[in-house]
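Step one of this worksheet: look at the structure below.
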Protein chains: 2
Amino acid sequence: MTATHQSVTQQIAAITKAARQAQKSLAGASRADKDAALAAMANAIDTNRAKILEANATDLDRGKENNTPAALLDRLQLTDDRIDGLVSALGDLASLPDPIGNVVRGNNLPNGIRLQQVRVPLGVVGAIYEARPNVTVDIAGIGIKSGNAVILRGGSAAETTNGVTIGVLRDALESQGLPADLVQGIDELGREGANALMTYRRGVDVLIPRGGPGLIRAVVENAAVPVIETGAGVGHVYVDASADPQKAVDIVFNSKTHRPSVCNAAETVLIHRDAKDTGIKVLTALQDAGVVLHVDPTAATWVSDAVAATEDDWSTEYLDMEMSVKIVGDIDEAIEHVETYSTRHTEVIVTENLSNADRYIAEVDAAVVMVNASSRFTDGGQFGLGAEIGISTQKLHARGPMGLEELTSTKWILRGDGQIRH
Amino acid sequence: MTATHQSVTQQIAAITKAARQAQKSLAGASRADKDAALAAMANAIDTNRAKILEANATDLDRGKENNTPAALLDRLQLTDDRIDGLVSALGDLASLPDPIGNVVRGNNLPNGIRLQQVRVPLGVVGAIYEARPNVTVDIAGIGIKSGNAVILRGGSAAETTNGVTIGVLRDALESQGLPADLVQGIDELGREGANALMTYRRGVDVLIPRGGPGLIRAVVENAAVPVIETGAGVGHVYVDASADPQKAVDIVFNSKTHRPSVCNAAETVLIHRDAKDTGIKVLTALQDAGVVLHVDPTAATWVSDAVAATEDDWSTEYLDMEMSVKIVGDIDEAIEHVETYSTRHTEVIVTENLSNADRYIAEVDAAVVMVNASSRFTDGGQFGLGAEIGISTQKLHARGPMGLEELTSTKWILRGDGQIRH
């Protein structure tokens with residue numbers, strides 16, 4: 001066991017070293033070079049789709065044999081449409097501006113030294129995710145555009161698909177004269193490889209976990225490398241007393257039902273007790289669409305056929321056609337509930353009252369706070385970032401949707417003429 | 001043991017909760033309120049200096065009894081001059097612009113939603129440091145100005161000084177109508193308290209270790225909260241073949257001897273073999289000032305009275321009047337040496353050759369890369385940041401000197417009029 005562990009750590013050491021070496025060729029690459037690499041990657045995914053779909057069928061068959069839940073099989077599955085999506089996403093990346101080299105700040109110091117802070121790649125980005133072969137292509141593309149090498153651990157369920165996809169991407173890079181080790185997979189090293197990647201200091205510059213709460217907690221608690229926590233989304237829509245009834249119905253309905261399985265779907269609606277008529281309209285619309293409501297005692301008197309909410313429901317991320325409902329006495333009670341149960345992803349108020357809108361924005365602590373808009377807008381594409389590697393729910397480095405800039409760091413450059421400190 | 005540990009964790013839970021509650025009063029505070037608090041803190045430190053110096057004498061006596069090394073006792077010691085420095089640093093903080101509320105990015109989305117990314121406080125900042133009671137005041141001041149609550153673990157050696165200082169600062173905050181729990185110390189919880197602070201998820205938003213390599217490694221490896229790694233500084237000055245001799249002597253001499261005990265002091269000089277005359281001048285100047293040279297075989301033929309360098313010397317942070325010396329055949333060898341042994345803090349090239357300057361800037365991976373200037377300029381004050389909470393050697397969130405902005409996060413704010421996603 002110890003011998004195996006040693007050997008996995010040594011393999012991770014070699015893989016991260018190869019990534020760091022490969023990344024150098026990208027650090028000095030022009031935007032044109034990187035965009036050409038992305039075009040080659042897009043073309044390779046497009047022309048090798050049969051091979052990728054075949055590998056995916058193997059993973060799907062194994063998943064069915066292992067009685068994998070249908071929702072997970074759906075995430076695991078690639079189709080021609082989904083591959084088209086990946087190809088066009090790589091093309092979109094090529095059309096985005098290159099953040100590398102941007103001057104963030106700069107000035108001349110009193111002693112004549114010229115000071116600049118410029119944007120540079122992070123270096124080596126690690127990603128640990130589950131059963132989403134599309135993430136393999138997304139992160140590889142965003143990594144290349146932002147000048148980083150990536151090391152991918154996509155999990156055993158998608159192992160065959162990821163292996164073939166990574167092979168296709170590596171060949172595409174080499175066809176452009178770039179090192180294949182800009183994109184490496186470590187699925188074959190299993191869980192031990194993932195653990196070694198998390199704990200090997202200075203191996204990766206950042207590690208991004210994408211997946212369920214269990215995966216994210218395991219990475220955050222065990223990693224010795226910098227981590228960006230993503231994704232968990234217990235979000236609320238608060239319908240204020242002054243809410244416009246139609247906006248309230250539209251926004252709550254869209255926030256819950258537009259795509260219930262994703263992190264920016266709302267999980268709880270809080271309704272001011274003076275907005276009872278509006279509230280009943282909101283809840284009825286949800287029920288009519290098949291949403292199971294978990295209601296507090298007051299809401300139970302507003303609608304029938306609802307389930308009584310338990311304490312656990314307030315912190316549950318249903319990711320499904322279910323929603324918790326709580327009637328509050330004032331905006332303070334709403335803010336306090338959000339503070340207690342929110343995962344600080346996306347929080348929405350529906351109101352026509354300016355001071356309540358301002359208070360909500362100021363006092364609710366979340367990556368994204370919205371007034372009169374659907375929580376579903378928390379998305380890199382919707383924000384105009386052009387690409388998204390995940391949605392950070394932590395406050396360090398990146399908060400909310402992470403695009404290309406969030407995969408960069410900075411370097412201070414000082415140009416002097418012999419200055420010394422007195 | 002388990003019972004005690006439980007109880008310490010519970011205390012950390014209560015302390016971090018109190019910090020989060022206290023921080024709310026600061027989140028909405030105006031710049032004028034925060035500056036008034038800083039002025040009150042400065043005044044309180046000034047007028048309570050006798051009490052603080054008395055507490056410091058107790059720590060110093062205990063340190064002497066425990067045979068604490070002189071360098072550590074020096075760091076531990078407060079004097080009237082040093083207290084004057086702390087008072088004026090708090091005054092300087094008040095004069096700095098307030099980063100909170102700054103709009104980082106913003107635009108209108110195609111659907112009419114108004115999008116803004118604004119700067120907000122991180123929330124609760126933890127700091128773990130050793131035997132530097134001045135850091136207690138620095139971090140409390142920077143924390144308040146940037147809208148954060150701070151939790152301080154200053155270590156057993158400075159426990160009495162820190163306890164009294166924190167008490168003085170808390171009273172000053174209360175005198176301004178702010179909660180005392182904006183500044184809390186956890187020295188009385190000992191090492192177990194520090195461990196609990198590191199591992200209590202969502203307790204602090206960021207933890208900053210400041211101290212020796214052992215302390216920093218312990219925090220980085222054990223923490224389950226986001227950490228910013230600071231300080232370790234094995235930095236190099238590379239004297240290129242084209243270096244101006246006088247600049248080379250001045251810059252190497254200043255980088256090593258101006259203040260050898262700090263992280264931006266250089267530890268190794270790399271000299272191009274074609275710059276032998278310049279190199280001999282550089283090395284002789286260092287030896288004349290009492291610097292012990294650890295030299296490679298070639299440098300051993302350039303100067304006498306030097307020690308033969310060992311492999312360990314190349315990665316040693318002497319923090320003293322000692323320096324490693326290596327003669328290189330070309331700039332590639334210099335860059336490779338830096339890449340192998342640098343802690344990526346501050347790296348300097350002395351050159352008159354434009355393409356070598358550009359290559360060094362592009363290829364050397366460090367928080368700060370300088371051309372023809374002393375490494376001692378890596379400092380928040382020198383950079384014009386106005387305040388410094390440490391020097392980050394990691395790439396995530398902050399890199400190089402960290403000022404007020406580095407203690408902030410951002411929040412996305414969306415203002416709509418009923419928009420939903422189609």
Side-chain angles (χ1 to χ4, degrees), chain A residues 24 27-28 107 109 113 115 117 122-123 199 201 205-206 217 220-221 224 226-228 244 246-247 250-251 253-255 258 357 361-363 365-374 376-378 382-384 394-397 399-401 409-421, chain B residues 24 27-28 107 109 113 115 117 122-123 199 201 205-206 217 220-221 224 226-228 244 246-247 250-251 253-255 258 357 361-363 365-374 376-378 382-384 394-397 399-401 409-421:
Chain A
K24 284 184 199 172
N107 60 289
L109 300 183
I113 288 176
L115 178 75
Q117 187 183 29
L122 275 171
T199 52
R201 276 187 78 198
D205 294 294
V206 66
R217 190 165 46 240
V220 169
E221 287 178 0
V227 168
I228 297 180
D244 176 276
Q246 193 58 48
K247 289 180 194 168
D250 290 348
I251 289 170
F253 189 83
N254 192 255
S255 297
H258 184 254
I361 288 171
E363 294 181 22
D365 182 28
V368 186
V369 182
M370 300 184 180
V371 178
N372 295 334
S374 165
R376 288 278 297 132
F377 286 114
T378 294
Q382 296 291 324
F383 278 21
Q394 70 177 37
K395 292 185 181 172
L396 214 65
H397 185 76
R399 199 174 190 203
S409 181
T410 58
K411 181 194 270 191
W412 290 97
I413 297 166
L414 275 71
R415 290 181 173 90
D417 190 32
Q419 284 86 345
I420 58 170
R421 196 158 158 197
Chain B
K24 284 184 197 170
N107 60 288
L109 300 183
I113 288 178
L115 177 76
Q117 188 184 28
L122 276 171
T199 51
R201 274 187 78 199
D205 294 294
V206 64
R217 189 164 48 240
V220 169
E221 287 179 359
V227 168
I228 297 181
D244 175 275
Q246 192 58 48
K247 288 179 194 168
D250 290 349
I251 289 169
F253 189 83
N254 192 254
S255 297
H258 184 252
I361 288 170
E363 295 182 22
D365 182 26
V368 186
V369 183
M370 300 184 181
V371 178
N372 295 333
S374 166
R376 288 277 296 131
F377 286 113
T378 295
Q382 296 291 324
F383 278 21
Q394 71 178 36
K395 291 185 182 171
L396 213 64
H397 185 75
R399 198 176 192 203
S409 181
T410 56
K411 181 194 271 189
W412 290 97
I413 297 167
L414 275 72
R415 290 182 174 87
D417 190 32
Q419 284 86 346
I420 59 170
R421 196 158 158 196

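Bear in mind the structure is a predicted one, so any value in this text is a computation, not a measurement. Every chain is numbered from 1 and lettered A, B, ... according to where its sequence line falls, protein lines coming before strand lines.
Residue contact with chain A, scored on non-hydrogen atoms closer than 4.5 Å, involves the backbone and the side chain of B:Leu122 alike. For A:Arg201, the part sitting under 4.5 Å from any heavy atom of chain B is the side chain, from C-beta outward, and nothing else. Heavy-atom distances place no part of B:Phe253 under 4.5 Å from chain A, backbone and side chain included. Only the side chain of B:Leu115 has a heavy atom closer than 4.5 Å to any heavy atom of chain A. Of the atoms belonging to B:Ala357, not a single heavy atom falls under 4.5 Å from chain A. Interface remark: B:Ala362 contributes backbone atoms only to the contact with chain A (heavy atom separation under 4.5 Å). When heavy atoms are compared at a cutoff of 4.5 Å, B:Val220 approaches chain A by way of both its backbone and its side chain. A:Ala27 does not touch chain B: none of its heavy atoms, backbone or side chain, sits under 4.5 Å away. With a 4.5 angstrom heavy-atom cutoff, B:Ile113 touches chain A only via side-chain atoms.
Between A:Leu396 and B:Ser409 there is no side-chain heavy-atom pair separated by less than 4.5 Å. Side-chain contact between B:Gln419 and A:Asn254 is absent, with no heavy atoms from C-beta onward closer than 4.5 Å.
Put simply, OG1 on B:Thr378 and CZ on B:Phe383 are 4.5 Å apart, with the number rounded to the nearest 0.5 Å. Taken from CD1 in A:Ile228 to CD in A:Gln394, the straight-line distance is 6.0 Å, to the nearest 0.5 Å. With rounding to the nearest 0.5 angstrom, the CE atom of B:Met370 is 11.5 Å from the CD1 atom of B:Ile361.
Annotation: maximal heavy-atom pairing with chain A below 4.5 Å, among B:Arg415, B:His258, B:Gln117, occurs at B:His258. Per-residue heavy-atom pair counts under 4.5 Å with chain A were compared for B:Asp365, B:Ile251, B:Asn107, B:Asp244, and the maximum is reached by B:Ile251. Listed options A:Gln382, A:Lys395, A:Lys247 were ranked by heavy-atom pairs under 4.5 angstrom with chain B; first place goes to A:Lys395.
Listed by chain and number, the residues in a side chain to side chain donor-acceptor pair (under 3.5 Å) with B:Gln246 are B:Asp250 (sequence neighbours excluded).
Among all heavy-atom pairs drawn from B:Gly400 and B:Ala367, the shortest one is N-CB, 3.6 Å.
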Please report the C-alpha distance between B:Glu363 and A:Lys24 in whole Å, then the side-chain angles of each, then the deciding distance to 0.1 Å, and finally whether the side-chain contact (heavy atoms from CB on, under 4.5 Å) criterion is met.
CA-CA 8 Å; B:Glu363 295 182 22; A:Lys24 284 184 199 172; over 6 Å; no

